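Only a predicted model underlies this, so the values are computations on that prediction, with no experimental measurement involved. Within every chain, numbering begins at 1; the chains are lettered A, B, ... in the order of the sequence lines, protein sequences first and strands thereafter.
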Number of protein chains: 2
Amino acid sequence: MARITGSNGARTAAAIRRAALKLIYRQGFAAMNLRDLAAEVGIQPSSLYNHIPGKQALLSDMMREHMEVLLDSTEAALAAAGPALMDRLRAFIGHHVLYHMERRQEVYIANFELRALDPASRARIVALRNGYEARLMGLLEEGVALGELEVADIRVTAFAMLAMLTGICTWYRPGGRLGKAELVQLHTELALNGIRRR
Amino acid sequence: MARITGSNGARTAAAIRRAALKLIYRQGFAAMNLRDLAAEVGIQPSSLYNHIPGKQALLSDMMREHMEVLLDSTEAALAAAGPALMDRLRAFIGHHVLYHMERRQEVYIANFELRALDPASRARIVALRNGYEARLMGLLEEGVALGELEVADIRVTAFAMLAMLTGICTWYRPGGRLGKAELVQLHTELALNGIRRR
DNA sequence: TCCGGAAACTAACGTACCTTCGTTTCCAGC
DNA sequence: GCTGGAAACGAAGGTACGTTAGTTTCCGGA
């Protein structure tokens, strides 16, 4: 046997990403092995190397792509919002929650597999994440300057908000008691109540 | 060579726990290997088996012990607080934040290594964690009944609060810009502002 | 002081993992 | 219709891991 009828490079590469996402999310990167990954894709372990340089590179590529999508879609959401600060803040929060529900596997991996990366890749990902956090801090600062927000400590508040909003991807499952729109609404109010001027 | 001068069972067992905590926190359970663990303790890999039944049991024992400490110290903090609901709620939040700063390694592991456990151990730990979460939900319900809190959804709110408060153990380091007391204060206000009746 | 067991050592077993190699078959552009 | 490269295969190399076995030395209670 050799090349299989109907095989296609792009399709297999995508299947590998999808399978890796599922397995890393379920077991963690270190616990995932390439035999299981190949089996999930439906090919032999050695065939993986036609599409990826190695196990490590697979993870860092996936994480970098994820961070870029997160940053780009965040910018799009902010651009689509009105110019008023509170509109942009609501857009940021709403987008964050929605994104974390819809791509909770990518998010979970990006948050908790940083330590599995080689130092160079980690530095790149951390830089992207810092940029994301800085975006929220900028909005908070703006709100304070405008007198619309009351924030004791920008940095701690931003971290606390992000932790709260990110938490949803540890328990949310589609088809649960509450729908996405309701959860976005609930989290937006919880987050804003914590900082809104009274 | 054989038994080393000055060796002591209890001391070595404690050193193993301490070293495992450090290594699992840094690399994850699956990525930690017993050779590195033994080296960190200063003994040979096989000597570990004088103190632990195996790698898997080490993790589940550590996690169970951690959850019991968390639950017990929470009860103590609640008992020490005044009878008023808001006092107990503040005690819960303050204790949670402080505990998560002081034992951030244990907490981090307990939160993110659940998937590394065998199903039976995982069920035990999850049950303990559910009890902890239920404790907070109980306080929120009480507050709503008393008219002191405004909570749209008890369950989601409790999860959001816990995520926010737990987030501190991902970035807090002793000796940072803010002290423990300040961080407890900041987080308490952020959490309460989100739910307090206005 | 003596002795049983605790606690360490060295050596090694079997497995499982990531990766490489060489080969074979299929697809696509000319 | 040919042909070069893409994409799969089977087999295996080399390492690292968890764990066991057997042995040796030290501690602490009688």
According to a strict under-4.0 Å criterion, is A:Thr12 in side-chain N/O contact with OP1 or OP2 of D:dA8?
yes

So does B:His51 get a side-chain nitrogen or oxygen closer than 4.0 Å to the phosphate oxygens (OP1/OP2) of C:dA8?
yes

Euclidean distance, atom [atom1] of residue [X] to atom [atom2] of [N] [Å, nearest integer]:
X	N	atom1	atom2	answer
B:Leu48	D:dC17	CG	P	13 Å
B:Arg35	D:dA16	CZ	P	10 Å
B:Arg11	C:dA6	CZ	P	17 Å
B:Met32	D:dG18	CE	C1'	11 Å
A:Asp36	C:dA16	CG	P	11 Å
A:Leu23	C:dC18	CG	P	12 Å
B:Ile16	C:dA7	CD1	P	10 Å
A:Asn50	C:dT19	CG	P	14 Å

Classify the nucleic acid contact of A:Asn33 as base, sugar-phosphate or nothing, counting any heavy atom under 4.0 Å across all strands shown.
sugar-phosphate

Need one value for A:Gln44: base, sugar-phosphate or nothing, where a base atom within 4.0 Å counts as base even if backbone is also close, heavy atoms only.
sugar-phosphate

If you check the [X] side chain, which of [options] turns out closest?
X	options	value
A:Ile43	D:dG18, D:dA7, D:dC9	D:dC9
A:Tyr49	C:dC9, C:dT19, D:dT19	C:dT19
A:Ser47	D:dT19, D:dA8, C:dA8	D:dA8

Spell out yes or no: do the side chain of B:Ser46 and the base of C:dT10 have one donor N/O and one acceptor N/O closer than 3.5 Å?
yes

Less than 4.0 angstrom from a charged side-chain N to a carboxylate O is my criterion; do [X] and [Y] meet it?
X	Y	answer
A:Arg26	A:Asp36	no
B:Arg196	B:Glu189	yes
B:Arg155	B:Glu133	no
A:Asp61	A:Arg64	yes

Students often mix this up, so state it plainly: with edges at 30° and 60°, are the rings of A:Tyr25 and A:Tyr108 parallel, tilted or perpendicular?
perpendicular

